[in-house]
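Worksheet for the structure shown next.
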Amino acid sequence: MSLRTTGIVMPLAMLLLLAPAAPAQEPPPPEAPSGRAEREAVTASRHMIVTANPLATEAGEAILARGGSAVDAMIAAQLVLNLVEPQSSGIGGGAFLLHWDEQAGELTSFDGREKAPMAATPELFMAGDGTPMAFADAVPGGRSVGVPGTLALMELAHRLHGRLPFAELVAPAVRLAEHGFEISPRLAGAIADSAAELAVFPATRAYFLDTDGKPRAAGTVLRNPEFAATLRQIAKEGSAPLYRGRIGDALVETVRSAPVNPGAMTRQDLADYRVVMRPPVCRPYRAYEVCGMGPPSSGGVAVLQVLGLLEHFDLPSLGPTADGMQALVEASKLAFADRNLFLADDDFVSVPVRGLLDQAYLTSRAQQIRLDSSIEKAVAGNPPWREAGLLAPDDSDKLPGTSHLVVVDDDGNAISMTTTIESGFGSRMMVGGFLLNNELTDFSFAPEEGGRPVANRVQPGKRPRSSMAPTIVFDEAGEPVLLIGSPGGSQIIGYVAQALVAVLDWGMSPQEAVAMGHVLSRNGPAELEAGTEAAAMEEALRSRGQEVQVKPLNSGLHAILIGDETLESGVDPRREGAARGQ
Ligand code: GLU
């Protein structure tokens with residue numbers, strides 16, 4: 001069975017209006033929305049790639065056209081993204097990759113998440129007075145930098161599933177870094193928004209600001225010879241220069257001697273970094289099997305919980321109405337309550353994944369959902385097979401940066417990968433022409449609450465909890481039918497869950513699903529996307545007991561629908577993404 005879209009046409013989303021300022025306690029989004037540009041779906045029959053930037057998509061498609069594998073295309077695209085969308089992802093950060101091997105009929109997940117250095121303590125982000133640091137104070141400098149994983153992930157994936165030589169995959173990024181690329185409007189906006197913070201670090205300032213300290217403008221041709229040199233070393237020696245060589249030495253030096261928040265990473269931390277291949281988390285949803293990323297991401301488990309709760313409602317008949325959205329919001333609250341309490345790196349704490357996805361458990365949780373009234377704030381449940389002991393929740397908000405890409409190659413291998421340096425511009429520090437992540441701020445700043453430990457507290461060598469939710473949906477025959485994921489911090493979970501429902505239950509095309517106005521909740525207010533049809537639900541949801549916030553919701557959903565004969569793209573109109581295929 002393949003997914004056939006029924007051609008329901010959603011009301012055309014209105015232009016994204018600039019929404020009212022966020023309430024005072026919430027930090028502003030690091031990357032302002034760059035406006036909507038409606039997209040036409042692209043179709044292809046042999047292969048396709050969708051990324052957040054046309055240059056990255058072009059590089060990946062050229063590799064696919066030369067017979068490269070999905071992994072080959074991902075590597076070429078990721079390295080170009082590192083250059084042209086530097087604020088969001090790159091070899092200074094981490095990533096989760098879901099890989100479908102068509103011939104072997106096997107789905108694997110690669111965990112290239114950043115790690116805390118061995119010298120990190122649970123009090124890493126506690127201020128001297130025993131209170132958690134302010135988020136914005138913790139981001140810049142060396143303290144927030146996790147041991148990066150993206151390059152190691154690409155290398156391992158290439159060893160297992162690559163077809164073209166690694167050096168060939170690096171070449172497009174080298175060329176662009178040397179000859180220059182035009183700063184996109186989105187990157188220019190991000191630079192302008194963060195100019196003061198970027199100016200603190202000399203290498204970052206010199207790259208993103210001009211000699212007068214003014215943000216470089218859209219259309220400016222930017223060259224990055226330092227990154228070209230880094231890439232040339234990588235083309236020759238693989239990941240060794242970063243994990244055991246000169247680039248790594250410079251990285252450690254930069255982190256340790258940061259002018260603000262010096263960090264404690266060592267060369268040993270880099271040398272010890274390993275990508276972990278983990279079993280993906282999967283659950284049936286109606287006629288499908290939905291698979292995502294397990295811990296240390298909370299994304300897969302939370303998305304699957306939302307779907308498992310929604311299965312108790314007739315979403316296909318409810319449609320994208322206020323009742324349908326009410327069910328989605330309430331399911332999300334229940335999932336977030338569990339996520340905040342239980343989800344963390346399960347190499348360090350016991351995460352009851354099986355219990356959280358258990359049918360009977362979700363059926364009992366679903367009893368709390370009403371279409372005419374709200375739970376307001378959900379309380380975490382008591383899933384089976386959980387370890388005894390009380391935990392305190394980590395319900396901190398996180399700021400979005402990050403990128404999602406999807407690929408299908410000529411042989412039917414498929415990739416769904418979310419890649420990140422955490423906040424826009426990460427820790428704001430550059431080494432070898434690339435930015436370093438601030439992923440450690442995804443840990444809970446407070447290690448405990450009222451004597452109860454937080455599962456997601458900082459521990460040496462641990463990976464911070466993520467919300468990234470690269471997803472692959474399979475049909476009854478076990479064939480992949482939909483690849484999807486998004487950036488957006490903890491809102492990723494809502495973006496992905498809603499888009500899955502839109503395609504699987506409401507029969508929307510992937511393009512309609514990613515363009516649809518967002519409705520989500522992180523166990524607080526219902527969050528509705530300003531300037532879209534979602535905002536029109538404000539009163540209807542209030543009358544169902546929701547506290548409602550209407551605001552910009554800056555997703556970057558990228559999807560491919562895999563039909564019997566055709567591949568069909570979904571490109572988020574809120575960013576600069578592009579799809580290409582043949
Ligand atoms: N660092 C976040 C996470 O891993 C992702 C940030 C984002 O998506 O923008 O959940």
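This chain uses plain numbering: 1 for the first residue, then up along the sequence. This one's a predicted model, so the numbers in the text were calculated from it and none came from an experiment. Start at 1 and go down the list; that is how both ligands and their atoms are numbered.
- With a 4.0 Å heavy-atom cut-off, ligand 1 is reached by the side chain of Arg113 but not by its N, CA, C or O.
- The shortest heavy-atom contact between Arg574 and Ala515 is NH2-O, 3.4 Å.
- Under the ring-ring contact (aromatic ring centres under 6.0 Å, His included) criterion, Phe434 pairs with no residue, sequence neighbours left out.
- Looking at ligand 1, you won't find any N or O of Pro487 less than 3.5 Å from one of its N or O atoms.
- For ligand 1 and Thr402, the ligand atoms under 4.0 Å from any heavy atom of the residue are 5 (C), 6 (C), 7 (C), 8 (O), 9 (O).
- Ion pairing between Arg113 and Asp442 holds under the 4.0 Å rule for side-chain N and carboxylate O.
- On a distance-only criterion, Arg465 and ligand 1 share no N/O pair closer than 3.5 Å.
- Residue contact check: Glu439 has heavy atoms under 4.0 Å from atoms 1 (N), 2 (C), 4 (O) of ligand 1.
- Counting heavy atoms closer than 4.0 Å to ligand 1, residue Thr418 contributes nothing at all.
- For ligand 1, the polar-atom distance check finds no N/O of Ile492 at less than 3.5 Å from any of the ligand's N/O atoms.
- The two atoms that bring Ser298 and Ser467 nearest to each other are OG-CA, 3.7 Å, heavy atoms only.
- Heavy-atom proximity to Asp442, at under 4.0 Å, picks out these atoms of ligand 1: 1 (N), 2 (C), 3 (C), 4 (O), 10 (O).
- Under 4.0 Å is where a charged nitrogen must lie from a carboxylate oxygen, and between Glu197 and Arg428 at least one such pair does.
- Here the side chain of His558 pairs no donor or acceptor atom with the backbone of Ser486 at under 3.5 angstrom.
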